[in-house]
Amino acid sequence: MTDLAGETCVLAYSGGLDTSVAVAWLRETYGLEVVTVTGDLGSVGELEAVRQKALRSGARRAVVLDAREPFVRYFVWPALQADALYQGRYPLATALGRPLLAKLLVDVAREEGAKYVAHGSTGKGNDQVRFDLGVAALAPDLKVIAPLRSGMSMTRDEEIEYAKARGIPVPVTKKSPYSVDENLWGRSIEAGILEDPWEAPPKDVYQWTVDPGDAPARPLEIVIAFREGIPVSLDGAASDGVTLIEKLNAIAGKHGVGRIDQIEDRLVGIKSREIYEAPAAVVLHTAHRAIEDLVLSKESLRLKQRIADEYAELVYNGLWFSAHHQDLAAYVASTQRFVTGEVRLRLHRGVASVVGRRSDNALYSISLATYGKGDTFDHKAAEGFIQVYGLSLRNQAKRQALWSGDAGIPLKLPSPGKKKRTK
Ligand code: ARG
């Protein structure tokens, strides 16, 4: 026993073996009283069963919360509006969930008057950073304990032994060879055979998406409507965010859409191979970009893309509760005032293609764009435009003659007809 004995520690509890063992381990190692908190972000399943499991693992109190709605409203939608994809691809499902779980952890710690909080992340990943910094930003006085980083090192078999000896329920199903994290916005899968970046992911990696090769031969067309950058309906039926995402995960998953196979750079400096399944996220990011293309100016789109990368980076790196985030979010929110309209997509064998978009705020003008009748563009004015636009280039060409006549591309092309083609 230690000087922590009798103190309360609030543990982020998933219901899995690691965190169940951690309940007992925190009690036995430090003499802590453990209160667990489980936030359902769309994957926990039967909440009451998780609560009972926490209690059977030795928790003094077990809190379970359905956090799906706030997850979508305060985390998923802002990241979608920002077009935030880490290293251009990962929609950040896990990374967006952690700050919310950190917030729930802090809330329960305050309720309990606890000085300690704990989580089950290891010392090699990004999630430890997101938990630690989430708590640090919201409640700098709380101390974070991460058992898997500080002494609770057991193999899976040892954990099962440890659990059995204490009457903690152990999983009956065979352990998946992968490490998986899931919420509404996506499934993250790593480890096992996936650690070899040359190995194609085996079939059992995927649970939300069918193999594009086995997906229906006929494409499915869907329409998503956005209001100020937030998806509000699917095929004309208004929908709350949670339902819309659940529906899209099912529909797009059936068409094999949403698989991502990525080598990514963790914050701690490790390259890792990650598989993601994120059917709704892939469809919605594609659709959101499509409507932005229609309504935002070229300059907005250009800056917004840079902000998107920066935003994704800070979310990935655990800096959700930072001033930098508030500032970027304010910019993003402002850009979204025009992002209202509809996008038509075709889902087919692993691909979500945009096939149509419309908006009352569209900057697209058919009378300017058309090559057909009704053209209002002043073709003559183009000459003057190019005259001024090319002024400095023309000046440079005269003074500095950067390019010789053959432009550095000395081509001798056979003239047609002279030489016979060899078959
Ligand atoms: N690499 C992703 C991230 O850092 C996912 C990590 C998910 N954790 C897991 N146990 N698979 O956001």
Side-chain angles (χ1 to χ4, degrees), residues 12-22 38-39 41-44 71 75-76 78-80 82 84-102 119-134 146-149 152-153 155-156 159 171 175-197 201-202 204-209 258-282 285 308-309 311-321 325:
Y13 181 72
S14 70
L17 182 61
D18 279 348
T19 48
S20 297
V21 166
T38 306
L41 308 183
S43 65
V44 172
F71 178 51
F75 294 83
V76 172
L80 174 66
L85 296 169
Y86 183 64
Q87 295 190 319
R89 280 185 291 268
Y90 169 38
L92 295 161
T94 301
L96 288 164
R98 299 311 184 199
L100 175 51
L101 296 177
H119 60 73
S121 303
T122 69
K124 275 179 87 163
N126 299 308
D127 288 330
Q128 53 169 347
V129 183
R130 298 166 185 154
F131 272 121
D132 286 14
L133 296 188
L148 273 77
R149 211 167 51 189
M152 192 190 107
S153 49
T155 64
R156 184 174 166 84
E159 282 190 352
K175 156 91 172 148
S176 142
Y178 313 107
S179 162
V180 179
D181 183 69
E182 254 179 47
N183 63 43
L184 272 174
W185 202 227
R187 240 182 123 235
S188 310
I189 310 112
E190 56 190 23
I193 184 84
L194 300 172
E195 288 177 354
D196 180 347
D204 66 352
V205 165
Y206 298 106
Q207 292 194 3
W208 290 10
T209 54
R259 295 185 172 189
I260 300 162
D261 182 341
Q262 185 163 357
I263 297 291
E264 78 186 28
D265 287 279
R266 288 190 195 160
L267 180 59
V268 294
I270 299 172
K271 276 195 189 293
S272 71
R273 202 274 189 93
E274 307 277 336
I275 303 294
Y276 299 107
E277 289 188 280
V282 165
H285 270 286
D309 291 339
Y311 194 105
E313 194 80 21
L314 82 84
V315 170
Y316 188 86
N317 291 346
L319 298 175
W320 182 268
F321 298 108
H325 179 210

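Numbering of ligands and ligand atoms starts at 1, following listing order.
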Are any of the heavy atoms in Glu264 under 4.0 Å away from ligand 1? yes

Can Tyr276 be said to touch ligand 1, with heavy atoms closer than 4.0 Å? yes

Find out whether the Lys NZ or Arg CZ of Arg266 is both under 6.0 angstrom from the six-membered ring centre of Tyr316 and within 45° of the ring's axis. no

For His285 and Trp185, take the angle between the two ring planes, folded into 0 to 90°, and tell me which bin it lands in: parallel under 30, tilted 30 to 60, perpendicular over 60. tilted

Parallel, tilted or perpendicular, judged at 30° and 60°: which one describes the rings of His325 and Tyr311? perpendicular

Does any N/O atom on Asn126 come nearer than 3.5 Å to any N/O atom on ligand 1? yes

Examine Ser179 against ligand 1 and note whether any of their N/O atoms are separated by less than 3.5 Å. yes

Applying a heavy-atom cut-off of 4.0 Å, say which part of [X] lies close to ligand 1: side chain, backbone, both or neither.
{"X": "Arg130", "value": "side chain"}
{"X": "Ile189", "value": "neither"}
{"X": "Tyr86", "value": "neither"}

How far is atom 8 (N) of ligand 1 from its nearest protein heavy atom, and which residue and atom name does that atom have? Asp127 OD2, 3.7 Å

Identity and separation of the nearest protein heavy atom to atom 12 (O) of ligand 1: Tyr90 OH, 2.6 Å

Verdict with supporting geometry, Met152 and Glu159, side-chain contact (heavy atoms from CB on, under 4.5 Å): CA-CA 9 Å; Met152 192 190 107; Glu159 282 190 352; 3.7 Å; yes

Taking atom types as modelled, is there a side-chain donor on Glu274 or Tyr86 under 3.5 Å from an acceptor on the other? no

First locate atom CG of Leu133, then atom CZ of Arg98, and finally report the distance between them rounded to the nearest 0.5 Å. 14.0 Å

Separation between CD (Gln87) and CD (Gln262), nearest 0.5 Å, reads 6.5 Å

Ser188 heavy atoms within 4.0 Å reach ligand 1 at atoms 5 (C), 7 (C), 11 (N)

